Amino acid sequence: MDTRPIGVFDSGLGGLTAVRELARLMPEEDLVYFGDTGRVPYGGRSKEILVKYARQDVAFLRTFDPKAIVIACGTVSTTALDVLQAENSIPIFGVVEPAARAAAQLTKNGRVGLIGTKASIRSGAYERALAALRPGASVTSKACPLLVPLVENGRFQPGDVVAETVVSEYLTPVKAAGADTLILGCTHYPLMKPVIGAHMGPGVSLVDVGEQCARWVKKQLEWDGLRNERPGAGRHRYYVSDSVEDFSALASVFLGEDVAGEVEQIDITAY
Ligand code: DGL
């Protein structure tokens, strides 16, 4: 039994896809979320900068004495997971392994589509994980740099012509390759699930990396005896590095609860 909070971070809103699932699966756990909204997007940045930002994000979350940290960001998971794990004595979870496991189980024809940020696609991390779990599976990958800014600006609803056009351009080659499973390799993308799902069609399984990661974290905490078994609802706190208002409005819509009183702005460069 461990009542310390779970730390979660992403470059912005995307990690809320993991928070929503963590809260659903483990309602009694306290969660502390950091969204680096002042520096989003991460996806086009170099490895050096990403490691620097990720270290600061972790250093900030560690001020809450968390029992574990979830990297709810495909970009940081594919680029800096090993560095962060080596530097920290608490468990650090990334999204790649659980997503690859889900895709390996879901695909029937062995053709997997993968979309992510430039940094995630460049890393080859999802391909490596899948090759180990499902040898012979083919992966058609596509970097989608315009999707994160669309999500951060609230442009992810079905009927949004810009969102639908951009999704169609990115996903047409992935669909043409015959993928029956699509890894949404960036935690921002599940907010666009209705638009992405409509383009890919009902025969294609969508793997939400935040959701898969949350399930994996629950299992790991149980195995390690780190769950909080205290009855009652956990507290969810949110920190951002830019305006509280924009984040609060979109986060409240996405999480289906008013988070406004629990969001605070911090200076991440101080960590
Ligand atoms: N949501 C993050 C990811 O999964 C970061 C996206 C970005 O900031 O570019 O990759």
Side-chain angles (χ1 to χ4, degrees), residues 7-22 33-58 61 69-81 84 92-100 102-103 113-127 129 141-156 163 166-167 170 182-193 196 206-214 216-217 238-242 246-247 250-251 254-255 268:
V8 185
F9 74 94
D10 179 43
S11 60
L13 279 170
L16 295 179
T17 56
V19 165
R20 187 163 74 170
E21 190 67 2
L22 286 166
Y33 183 79
F34 174 62
D36 198 359
T37 52
R39 304 191 293 199
V40 68
Y42 278 11
R45 299 186 190 276
S46 67
K47 178 164 181 164
E48 291 65 36
I49 293 288
L50 287 169
V51 169
K52 178 182 156 191
Y53 286 1
R55 281 185 171 133
Q56 289 177 317
D57 301 343
V58 167
L61 287 174
I69 289 182
V70 179
I71 309 173
C73 173
T75 305
V76 175
S77 299
T78 53
T79 313
L81 175 66
L84 298 177
I92 309 273
F93 299 108
V95 300
V96 175
E97 175 80 17
L114 167 68
I115 54 174
T117 64
K118 276 188 186 164
S120 291
I121 300 300
R122 181 180 65 208
S123 75
Y126 287 103
E127 284 92 337
S141 63
K142 183 85 185 150
C144 305
L146 295 177
L147 297 189
V148 169
L150 281 173
V151 170
E152 288 288 325
N153 285 286
R155 303 289 300 268
F156 49 79
V166 173
V167 163
Y170 284 142
L182 176 65
I183 300 177
L184 309 180
C186 165
T187 51
H188 279 72
Y189 300 171
L191 284 103
M192 293 192 129
K193 234 184 202 171
I196 292 172
L206 304 181
V207 177
D208 174 333
V209 295
E211 195 177 286
Q212 294 302 331
C213 180
W216 172 261
V217 168
Y238 303 86
Y239 295 85
V240 287
S241 51
D242 202 339
D246 291 350
F247 177 88
L250 285 171
F254 179 69
L255 294 171
I268 192 64

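Here the structure is a predicted model, which means the values were calculated and not measured. All ligand and atom numbering here is 1-based and tracks the order in the structure.
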With D10, which residues qualify under salt bridge (Lys or Arg N to Asp or Glu O under 4.0 Å), at least two apart? none
Name the one of L184, V151, I183, L182 that satisfies side-chain contact (heavy atoms from CB on, under 4.5 Å) with Y189? L184
Examine distances only and state if a side-chain atom of S120 and a backbone atom of T78 form a donor-acceptor pair shorter than 3.5 Å. no
Under 4.5 Å between any side-chain heavy atoms of F254 and T17, yes or no? yes
Return yes if some donor-acceptor pair links the side-chain N/O of S77 with the main-chain N/O of G94 below 3.5 Å, else return no. no
Pairing donors with acceptors under 3.5 angstrom, does anything connect the side chains of Y53 and D36? no
Who's touching ligand 1 if we go heavy atoms under 4.0 Å? D10, S11, V40, P41, Y42, G43, C73, G74, T75, T117, V148, C186, T187, H188
